[in-house]
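This report concerns only the one structure given below.
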Amino acid sequence: MKSEHKFLTAKVKVGARGQITIPKAIRHEDKIRARDTLKVTHHPGGEIVLKKIESESPEERMLAILKRTPKIDAEKAWREIVREREMER
Amino acid sequence: MIYCADTWFTLKFFEKDEGAKALIRDIMEGKHKIVFPMVTAAESYKKLQQKGIPKHEINNFFDSAESSSHMFIHMPDRGTAAEAAQLALTFGTPMIDAFVAATCSISKCDFLLTGDEKHFHRLARKRYINVKNW
């Protein structure tokens, strides 16, 4: 069963360089940890929205390559490799 | 399991083979590790570009391997070179095959992921390495 979303709000002070502290309850709810990356979006109505960017693992980045590259004929390429290796003996 | 990846594996990956993709997902979950011999990287750069894969995407592939906690690119040293030479002398193994097999052995990999290839099967019969493919 899906748990209900908790609307958490808080007032935070802005530091000298624009830093804020995200309240602990919100960090806990959204699993925001130190060194996570957040996307900051300024909306026309003045809302500033912070959203955690799910960082990709190296393996996910590797799999994502396949969405951008053409499919090759592996068996044909492998047969060429085997021939080339024999020639280089 | 620790797998040693011959160029065959990178070719299967860029063929978008389901077995290759599944292994990468298993590696992401920490179920297995994979070692790429440096000679495999070189051969993959050449063959994949010949088959139309842009060089920057091959860079991305090996950058990901280098960034991963479960994937490694083996840096050959003199020990690997000597081992490869011994395989070539003893079994008549072509030098690239010999480097791949030597890396598999030195890195203590459980299996070499490779295609049907007589030299590796000969080494497997001598119990020097175990070979696996799909």
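Given the structure is predicted, the values throughout are model-derived calculations rather than measurements. Each chain gets a letter, A, B and so on, in the order the sequences are listed, and its residues count up from 1.
The minimum heavy-atom distance between Trp78(A) and Leu11(B), with the atom names listed, is N-CD1, 3.6 Å.
Interface remark: Phe9(B) contributes no atoms to any contact with chain A (heavy atom separation under 4.5 Å). Residue Phe62(B) does not touch chain A at all, counting heavy-atom pairs closer than 4.5 Å. Only the side chain of Asp6(B) comes within less than 4.5 Å of a heavy atom of chain A; its backbone N, CA, C and O stay farther away. Both the backbone and the side chain of Lys12(B) come within less than 4.5 Å of a heavy atom in chain A. Neither the backbone nor the side chain of Ala20(B) comes within contact range of chain A, judged by heavy atoms closer than 4.5 Å.
Under the 4.5 Å side-chain contact rule for hydrophobic residues, Val39(B) and Phe120(B) share a cluster. In the hydrophobic cluster analysis, where Ile, Leu, Val, Met, Phe, Trp and Tyr join through side-chain heavy atoms closer than 4.5 angstrom, Phe111(B) is grouped together with Ile34(B). Both Phe36(B) and Tyr45(B) belong to a common hydrophobic cluster when Ile, Leu, Val, Met, Phe, Trp and Tyr are linked at side-chain heavy-atom distances under 4.5 angstrom. Cluster annotation: Leu48(B) is connected to Ile81(A) through the hydrophobic network of ILVMFWY side chains, with a link wherever side-chain heavy atoms come within less than 4.5 Å. Ile96(B) and Met75(B) fall into different hydrophobic clusters, where Ile, Leu, Val, Met, Phe, Trp and Tyr side chains are chained together by heavy-atom contacts under 4.5 Å.
Put simply, of Thr114(B), Asp97(B), Ile27(B), the one with the most heavy-atom pairs under 4.5 Å next to chain A is Asp97(B).
Remark: Lys71(A) does not engage Asp17(B) in a salt bridge, criterion side-chain N to carboxylate O under 4.0 Å.
Identified by a heavy-atom distance below 4.5 Å to chain B, the contributing residues of residues 58-70 of chain A are Pro58(A), Glu59(A), Glu60(A), Arg61(A), Met62(A), Leu63(A), Ile65(A), Leu66(A), Arg68(A), Thr69(A), Pro70(A), in residue-number order.
Between Arg85(A) and His119(B), the closest side-chain pair of non-hydrogen atoms is not below 4.5 Å. Between Trp8(B) and Val82(A) there is no side-chain heavy-atom pair separated by less than 4.5 Å. Ile72(A) has its side chain out of reach of Gln50(B): every pair of non-hydrogen atoms, C-beta onward, lies at least 4.5 Å apart. A heavy-atom distance below 4.5 Å is found between the side chains of Lys46(B) and Glu84(A).
Distance alone, capped at 3.5 Å, places no donor-acceptor pair between the Glu15(B) side chain and the Asp73(A) backbone.
Here CD of Glu29(B) is found 10.0 Å from OG of Ser57(A). Values are rounded to the nearest 0.5 Å.
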